> 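Following this message is one structure expressed as structure tokens.
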Amino acid sequence: MPGISALAAPTDGVSLLPVSSPIRTLLEVRDLTVSYATRDSTRVAVEALSFEVRTGEVLGLEGRSGSGKTSIALAVLGLLPRGAAVRGEALFRGNDLLKLKETQLSEIRGREVSIIYQEPALALNPVMRVGDQIAEVLRAHSALNSEECRQQARLMLNQVQLGTERYYQAYPHELSGGETHRIVLAQALICRPALVIADEPTAGLDARLKNEVLDLIDRLRRETGAAFLLISHDHTVTGRLADRTLNLPSTNDRGNLSSGMCISSGTKLGLAPDSRTTLISVRNLSKCYKPRGLFRKKNAEKQALHSIDLSITRGSLTALVGPSGSGKSTLARCIALLEEADAGEILFEGTNLLGLPSQQLRAFRSRLQYVSQDPAAALNPRLSATEAISEPLVVRNGASRKDRRRAAELLMQQTGLDPSTAERSCHEFSGGQKQRLVIARALALEPSLLIFDESLSGLDSQTRDEMLDLLVNLRHRLGITQLLISHDLELVSKVADRILVMQDGRIVEQHNRAEIGYTSNIGRAEHLLHAQSKHAFAPAEAE
Amino acid sequence: MRKLAIFSLLAFRAISGIDSYASSAPAPERIQRGEELQVSSAEVGRYGGTLVVGQRAEPKTLNPVTATDGPSREVIGRMMADLVHINRVTQQTEPALASSWKLSTDGRSFTVKLRQGVRFSDGYPFSADDVVFSFRVYLDEKVHSPNRDLLTIGGKPISAVKIDDHTVRFDMSQPYAAAERIFDSVAILPQHLLLKSYEQGSFAQALTLNTAPDTIAGLGPFRLKQYLPGQRLVLERNPFYWKADRDGHRLPYLDEIAFLFVGNEDAQILRFQSGETSVISRFSPDNYPAMAREQQNRGYDLVDLGPSLEYNFLFFNLNELPPDKFQQISREQPWFRDLRFRQAISLAIDRRSIVKLAFGGRGVPIWGNVTPGNKLWINRELPHPERSIPQAKDLLRSAGFSWDEKGKLLDLERKPVEFTIITSSSNAQRVKMATLIADDLAQLGMSVHVVPLEFRAVMDRVFQSNDYDACVLGLGGGDADPNGDMNVWMSNGSTHLWNMHETKPATPWEAELDALLNRQLVTLEYKKRKRIYDEAQALIANNLPFIFLASPNVLVGATKQVANFRPAPLEPYVLWNADELYLRQQGVATAK
Amino acid sequence: MLMHRKIFAIAMAFAAVHCGILFAGFFAPYMPSAQHREHAYARPTKLHFVDAQGQVHIRPFVYPSVPVEGEGFQYREDPSSGYPIRFLSRKSDGIHLLAVDSQADLFLFGTDGYGRDIFSRLLFGGRISLLAAMVATLLSLLIGVAAGGIAGHFGGAVDAVIMRSSELVLALPWIYLLLAIRGSLPLHVEPTRTLILLSAVIGAMGWARPARLIRGVVLSARERPFVSAARGFGASEWYLLRRHVLPQTLGVITAQAVTLIPQFVAAEATLSFLGLGIGEPVPSWGNMLSAFQQFQTVSSYWWMAAPLVALVAVSLTYFVLADALHQAGARINSGQSYA
Amino acid sequence: MRILDYLKRRFLHAVLLLAAISVLTFGIAQLAPGTFLDEMRLNPQISAQTVDSLRVQYGLDQPLPVRYLRWIASAFAGEFGYSLAYNMPVSALLWTRMRNTFLLGTTAMLIAWSLALPLGIWGAFRPKGWIDRGNSAISTLLLSSPELALGMLFMLAAARFGVLPTGGMTSLYSEQTGFAVADVIRHLAIPATVLALVAAPMLLRHVRAAMLEAWNSPFVKAAKGHGIGNRRLLLHHALPAAANPLISLFGLSLAGLVSGSFLIEVIMGWPGLGPLFINAIFARDLHVVMAVVMLFSVLLVIANLISDVLLYAVDPRVRAEC
């Protein structure tokens, strides 16, 4: 590793502490308490937490979402937003990071303690070449000139296996999810810090990419000798890398879920499941993306769906899996009528929805409900929970205020939300709760088909399991047909009746529940998923 | 930082010190033998310097034949010369390019003797050919010169005949009073430069602002040096000018005159006060107090030349209108046509307040069309009835008007008397007059609304659509002679504002007026002519087609540097004797 | 809590200004068109508390002012007799908050070139000017929001047509159209009709800029996932526009509103020049401002700047109020920026 | 290649727009009462016959379509019509004045942006700091004062203190004193400042809002976490990301400043298109009005185009979307 070793430890600048001194404990956190002031009260995110990270080790911090994991990472580096109060100590090589001035902190950040953010796609500047973004970090901490910095950045890119010049020159939006992960990893490691704080370093990645990134982290840490503070909700991640793991208590108590799942027996919301009839079938569906915008590019079309044939029986739970860019999301959005397919048919209870005038189409829309990946964005922050949930009712028939309120409370109960919070504004709910709100809203119209587009991928494992239970419940109690889109084969195989595997805009495999059998065939499908190694510039899926 | 600021301040100072500049104007040519120079009676001055003048608007052309706007005429007047000139102070004619003239006994032909040895500003000799050519151009219908109307007497244009190289005879179809006055400001053109474009039919496009200085020549005291669009026009001395001072120095004294185009009167005053210009020509009276306050510190003198020739008036729409199209106006016209109604209004108007509030006291109330500024022609016998509301009410009562219990004036049909006065919104003084009148007339129980309109919208209503009740306008300023206003008073005149489309006199007194005016036109003797014109003035004042309001004083100013400064109440108020003006010190004439 | 107190304070100031304007007849000592020709361009009347004998009075009093011979309009106080200010005195035209006996004058902000009381004209004029400006703002924003919203939301040909017409509107020489409108009207137009007309004209001209801004916001707003989510459960495009998209433009709309109101008040001065404004002698801030635009007025009679000061002060309260409201609203709508 | 395609399409749109503007302007101008010759009518020394014959000579008696076609023909011949007031082709009047207007407009824009950018950036960097509060107070004050009043104020100050000229563009003989450039700068100072002060508050608000958004974006926070200094963070990370809306604004402000400068030009006596345009409007010198309106429309189109192209150059996301 010539590039990295050439840099050596920070000897070129003013060091706060002699590096050579054999301190076993690198970071010691004592009684760390982080609280946020809100309008009416203060919310405690982290309470009296103590731990230590030793030189060269990987410490796993495991906890559910909302347990304040990210706050810990930010607090240590003094990056908490305004209005956050921090108490306690964070001794890094004996120096309390919490008491350092901003200028001193920025000397340490990136150079001795660096951080990998949860969502790398957001952590990269959209208008700067990624290579430069790596070089920037080095530039801030070394006396090298900009050309040398760029040279080092190239070497670093090489280390994260993105060695070609094309990667250096790329902009973040041109990279795939796994690649952006590598970029932020390179950013974090280029100054050879003593400690790397990684906040959910694999969130949002499919299994294959997750493995690759974890392998890479493992390798790099051995090469550089950096200590890692690994924060994740996923015990497989911590379990795989961490030398020690610390479980965080949940500070934010969020509703009793199993009790929320009870659905009053008297309610009749949907049809009884009928496994025989076909609810929806898709024939020869094709979709091609034409580029939009001012500077129209010729011949830049992208075939997202190639003559898809598919049928979903009433009351079933179908899973659609595939790697990023395989077109599964496009298919889902086409079925949900959010995008218009170019050719083919979508037969819903025998009616072809494609080509229907929009007036008639609207009647069908309510029966096909789509739950998107990002629940936070799918809720208008101006609306209250009641308003949001009952909105479909208003759209359909302008229900009275009282009716809406009652329906909203019922739906909130069904989806495990506390009906007493119905008047709160949507943005005051947590991530998991928002997901429930979105599902509740989708249920308001008593749909025949619910489509979940990667709706579970952002959740921690416990919440996710609860949501899966909810889906199963919805299906059994209300007979709602469901289509589940995911890249996580393992996850869907727990619940799905049928699994469809997509690749390059085609459905390449189908497995019925009986076939899946939890063992043999999954391996094959998984292999298949892994085998679809996409090349570098695969455009993002949702385009 | 601070150093930089100081430095830049110093640099600014350095460049603003333009006094050190020496102009590149040509020296006056030596006086040649046989050159028949006119000798100025003004104080002997010294050569050099630039006179800076602020103009409210940019001149539009340098063509004396087609120019109609004030700024253009002000500039052209300095570059060109006429045969006979009106002295702006005495308001009498004096010799110019014509050293002498003679009217034939029948009053129909006018012989002019031209000055010998005169040269154009490019050195080319001037002769009778130029005069004949000039009049050919002015009188050519295709050239559309506005001067043509002045040079048309009794429906026929005058004709110019060359007798010899220095004599020209003008023939007229009928005797014409004050014939020599029509030659004032009729610039003599250089035939050697303009013949070609005239013969090609492109005369109107000749002598535009973009004309190169060396292709333009005149007989005036100055010639074109530079024109910067939108900024300024600079004239330099004509080294061949045909006037000299008492000591035999060829005029003009000034090296240059620079006209700066400043855009509006406010800017004109600002520039004058800050010392960027040397003279200010005619500013409005409401600016006087503030200007006078600064007189001492800033080193300039203001001159109040007394009443101008401008008369402001209110008039009513007396046009014959199709009643179905103008119902409202037709209903009002019986009032307007009633002399007693107009007299009542004239009596109710507080002219002193108008003078005080619209002109800041620098003006005079008037009751006739000739202002006290016109010393030769004013009829001083005209009555000046004082304002009297009771008398006005009596008149209205006698005309059949009455008042309701709230004091509103009702007409014969017991309908309230209500009308609007339009006026040009760009003239603040006239808006003020109209507003004051509306308030005065409210005391008679009339409900009068003032509607200021954009100038050309007013013109359109008065001249074209005739869609208005009453209007406040002002006229005058050009010539002191009665002939200048003929078109206003003659019933078939083109500026017969109150009744535009008359072909023959609509009322007996108008017929009488037509006759009087026609008589004075052919009466050659001043005293007789004055008597006739006095009668005409009295006729107008008694019949009130216009209700005369006030005349503003002519106010001008110059820095103390400017000598021989003899402003006059006639246009161009300060530059008419530009050839005699000189600066007491070298350099640009600015106040320090 | 602090925020609420601030909003309250601003709202009070706002209410005070508008109250004064609304009840101009009560607060103004004179009728707005009453000319005191002997006191043209009089300085603001001084209120005295101490008389010539050095005696202190609780009730303020004024001395009559007497014209001084000399250049321009100059007056001096005649201290021989003082006249106390009467509060809530009844006159022929109703009850006035402040008044003095007719031997003296009470020109709180001085008088204009006709000797009319500027303070009274300011109050009466504010009524018509602010109303016209507000109605015009409302109108141009209404058109702007509709045009910008439709253009941004529906896109395509509609967008192109609306945006090109907004460019057209920005480029056309409106003065000619205004002159034509003036030409087609009866000469005397009642102030109320002028008001409607003014608002309509200004509103019709002023929509292009807000429309362009709103279109920009709508373009990004309609891409937000909750909009497509609502589309997913069958909401009509109009519903989406009304319920989800347009509310996001509120920030831009309030910001535009407060900038447009002072602009429109000033625009009336231009319209007066074309004969479309509020005609004399009815006061409006616009026609009062146009008197102030003469250089000599500015330099000699500084009190004629009263309408300008009033306009700036009122716009300031609008601005601050809008900002405060916006900040309060920003909490609910966190993460949204506005122009 | 695709930029060429794009330009072709934009050009077509622009031509259509300009055609529409020219027709409408020509039509609207006819609606205004009065003609160029009206001022002559009031002169008692000019007869009605002369005015009428001039009317014929200028072709004002022709039907509207004929006059429009004549103007179009003249525009394509490069003359842009004939000015009745100046008795010469309009093109001869336009160019120097246009240059002067551009000089004023661009200077003002430079000043406005160089005020708005640093102050807006600083305001976003330290929101609610004293600079930010000061900015917001001053910009609010400026936004609520009519530009005319602002212009008057500066003119009065100039007249009082005498350091700067009260109008015009050059001093007499400036070309001979060797300080021609400095002289123009001296004359530019007041009008450009006034114009900049009128435009800057709105720009400032936009810059601040855009920067605030960029500054609070996750990637800037991430970069902060990498220990990149505030200065570099602000200028190299946040600013380019905030550029997108600012570039659109730049285009609008370019067109806005040039049109906004008309009024200031008239007040300050700047020899630009403003005084020419205003005078031509009131003199009904139609072809001059037409030419200036078309010039302004072309500028509007070009400004929009420039900002689009800039957007393309600066923002890789836009490039990708295309």
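Here is how names work: the chains are called A, B, and so on, in the same order as the sequence lines, proteins then strands, and each is numbered from 1. Worth saying up front: this structure is predicted, and the values here are computed from it rather than measured.
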> Applying salt bridge (Lys or Arg N to Asp or Glu O under 4.0 Å), name anything that partners D/Asp132, two or more places apart in sequence or on another chain.
D/Arg208

> So D/Phe26 and D/Tyr68, would you call those rings parallel, tilted or perpendicular, with 30° and 60° as cut-offs?
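Perpendicular, since the angle between the ring planes exceeds 60°.
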
> Would you mind telling me which of A/Ala123, A/Gly78, A/Ala140 has the largest number of heavy-atom pairs within less than 4.5 Å of chain D?
A/Ala123

> Let me know if A/Glu102 has heavy atoms under 4.5 Å from chain D in its side chain, its backbone, both or neither.
side chain

> Given heavy-atom pairs under 4.5 angstrom as the criterion, report whether the side chain, backbone, both or neither of A/Leu79 touches chain D.
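For A/Leu79, side-chain heavy atoms alone lie under 4.5 Å from chain D.
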
> Looking only at heavy atoms and a cut-off of under 4.5 Å, which of A/Val137, A/Asn125, A/Val184, A/Ile115 has the most pairs with chain D?
A/Asn125

> Between D/Arg97 and D/Glu265 (salt bridge meaning N to carboxylate O under 4.0 Å), is one present in this structure?
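No, this pair does not count.
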
> Counting heavy-atom pairs under 4.5 Å with chain A, which one of D/Arg232, D/Lys224, D/His236 comes out on top?
D/Arg232

> Can you list the residues that meet the side-chain contact (heavy atoms from CB on, under 4.5 Å) rule with D/Leu17, with sequence neighbours excluded?
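Once residues adjacent in sequence are excluded, the partners of D/Leu17 under the side-chain contact (heavy atoms from CB on, under 4.5 Å) criterion are C/Arg164, C/Glu167, C/Leu168, D/Ile21, D/Val301.
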
> Crowded around D/Trp95 CH2? As in, over 12 foreign heavy atoms under 6.0 Å?
yes

